[in-house]
Number of protein chains: 2
Amino acid sequence: MVTIKDIAQIANVSVSTVSKVLNGKGRVSEKKRREILKIARDLKYTPNYYARRMSSRIRVHTIGLIVPDITNPFFAKLARGVQRVCGEDVLVILMDSFRDLEREEKLIRKLRFFGVDGIIIGNSRVSDDLVKEVSQFLPVVVFDKNYEYKNVVSIVLDNFHGAYIATKHLIDKGYRNIVHIGGTHELYVSLQREEGYKAAMKDHGLSPRVYPTGYDELKGYKMMKRILKAENVDGVFCMNDLVAIGAIRAIKERGLKIPDHIGVVGFDNDEELCETVSPSLSSVHQPVEEMGEAAAKSLVDMISSRIRVRKYVFSPRLVVRESSSGKKG
Amino acid sequence: MVTIKDIAQIANVSVSTVSKVLNGKGRVSEKKRREILKIARDLKYTPNYYARRMSSRIRVHTIGLIVPDITNPFFAKLARGVQRVCGEDVLVILMDSFRDLEREEKLIRKLRFFGVDGIIIGNSRVSDDLVKEVSQFLPVVVFDKNYEYKNVVSIVLDNFHGAYIATKHLIDKGYRNIVHIGGTHELYVSLQREEGYKAAMKDHGLSPRVYPTGYDELKGYKMMKRILKAENVDGVFCMNDLVAIGAIRAIKERGLKIPDHIGVVGFDNDEELCETVSPSLSSVHQPVEEMGEAAAKSLVDMISSRIRVRKYVFSPRLVVRESSSGKKG
DNA sequence: TTCTTTTGAGACAACGTTTTCGCAATATGC
DNA sequence: GCATATTGCGAAAACGTTGTCTCAAAAGAA
């Protein structure tokens, strides 16, 4: 590798002079400046980041982003948002923990070991202890959860509101017997969505019925099948799109029409999924990319210890498609 | 930050001794060893990666992975594969170029600037010049393209074979008037898939008909519409799943039944997509994760200058679903 | 006891930069 | 022509490690 020394030797100057020229600092004569620049170019010199980082105040920030599953469009979008704000001076190290919490812990330590300047944790299931520990050393951004630790910023979606507008939309479209297929409450968001649903139902004089289950297509399918057997339903608000897709399958199998007999609304608005399924699925959209952007920005703010916001709250909006376009008959 | 010096001071020893203990090298008395280890733990010492990397032979490798769109399941899976092989001693820096070739170039330079030890380029549209330039400094892995440069490894899928078995499958299922909705040939793979299709058709005494278009759902939809107007078709082999989804939409709109009247097969086997669309879509599966794994492994091999393979060829397999289950009537 | 070997530990250079300081040489002001 | 200000450049320390080399002390062999 060609170093600053090599350049200095060829140009017959000291390393300090070369460094000054390369960084545009200090005073160097125009003549030498040109000469040194030319040599550097000819030699295809690239500064050694590691050395540079050692000797000076860092000017380039590295931030680590850990997601439980990069294959999940939600996290892919998050990653996009984070990367979008990162110009020349920020490097994002993206890591996939494969939904394995133990691996996630390891990765976080690995990031620390590799000397990142801050960490964004995409998984809301991460343990509080870990967040506490890491935030002692580095600024941290987390999602969907509030922390009171210094050095931690929370980015949350107003899940309550999202669930509320989704439910209200079904009511407005004429559906009345609306159930909610929700999650078990180990995910904080599932609780919030449930509450939003309940509030909307109550505000309109309807009685809420919640069916907790898991978060994937199969869980949604099975639960919907059970519900159809058990009671009279004409509307379903699901805690996410996957569950909704499962529910749709169950409803179709039963010979019922969507949206004529039953209206369905999901959550997350995974476009690919929502547009592909038939009928296309209405869903609550999270501004995921924007949330990722906010995460990166606030992390950089913390790193350079500028103003610090403790919490960002984003508002969801409803994307209406065929699956909830109104009851008939 | 706590450094080795701090530990040395507290333990009343020299930095060299601390370093030896921490690295398990050299001879240190059991008593001091314990003492130093304890202090390091209490102080939550983390070695400075940058300093370490400067002074010694590197033991930890960083590899950069650039993908055009992390939101695309294909590249997300690739990223998974790459990350799967990376244990303690390898760090993956994943970057999304947002389908912007200029940005991609910048990112590659950025990676070089950040001192990665090798680069995996996920985008087969990358310019040859860039690959050439980068490979002068770093080992590079590319996909779907062959290079003769030293320091470059190619990982390719046998697209010809994939297209061949997909087409043959349609023929075996009783379809005869099979068309191919392909890509424009700026993507090398599109050419290969087209050739595979043609070969299968000719081998069975059928005449191939190729309709080149783009790579997304809308392009597939429009082209299929045109085809249905223009000629008598009972089978479609599409260059990817997105195009196939578009074709399915056009076919359904026309009032034709899949697979009864027309059989459809896609390429890439994006499970989420293929299983969600109705009828579910048969598709040629690429072992993407395995390819990512191979990429990472061979890159690490090159970095540590062990044996070097110039090219890896992977075989696709067909996943049969409803959309091609046989012609009726 | 005396000589040799082993053990434990510190001093110091090196890695490639940046940055501060000092000092000549030149330019400026009177 | 002298004092002062400015400019151009290099020497050297520092960043946190690792690794080599040296050396004293302890242990072993005679």
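Given the structure is predicted, the values throughout are model-derived calculations rather than measurements.
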Inset, instruction - Measure from the side chain of A:I4, starting at C-beta and using heavy atoms only, and say which of D:dT17, C:dT17, D:dG10 lies closest. - result: C:dT17

Legend entry - Minimum-distance nucleotide (side-chain atoms of A:S19 versus D:dG8, C:dG10, C:dT18): C:dT18

Reckon [X] has a side-chain N or O less than 4.0 Å from the OP1 or OP2 of [N]?
X	N	answer
A:Y49	C:dC15	no
A:K25	C:dT18	no
B:S55	D:dT17	no
B:N48	D:dC15	no
B:R52	D:dG16	no
B:T17	C:dG10	yes
A:S14	D:dG10	yes
B:K32	C:dG8	no

Is any side-chain N of the basic residue among [X] and [Y] closer than 4.0 Å to the acidic one's carboxylate O?
X	Y	answer
A:E293	A:R84	yes
A:K38	A:D42	yes
A:R310	A:E148	yes

Legend entry - Euclidean distance, atom OH of residue B:Y50 to atom C1' of C:dC15 [Å, nearest integer]: 16 Å

Legend entry - Rounded distance (Å) that lies between atom C1' of C:dT18 and atom CE of B:M54: 12 Å

Inset, instruction - Determine whether the side chains of B:N23 and B:R52 contain a donor N or O and an acceptor N or O closer than 3.5 Å. - result: yes

Legend entry - Donor + acceptor pair across side chains of B:S97, B:R103 (<3.5 Å): no

Inset, instruction - Map A:V18 and A:K5 onto DNA chain C by nearest heavy atom, then report which one ends up closer to the 5' terminus. - result: A:K5

Inset, instruction - Check whether the side chain of B:S29 and the base of C:dA9 form a donor-acceptor pair under 3.5 Å. - result: no

Legend entry - Side-chain donor/acceptor contact of A:K20 with base of D:dG10 under 3.5 Å: yes

Inset, instruction - Have a look at B:S16 and say if it touches a base, only the backbone sugar-phosphate, or nothing, with a 4.0 Å heavy-atom cut-off. - result: base

Inset, instruction - Would you mind classifying the nucleic acid contact of B:D6 as base, sugar-phosphate or nothing, using non-hydrogen atoms under 4.0 angstrom? - result: nothing

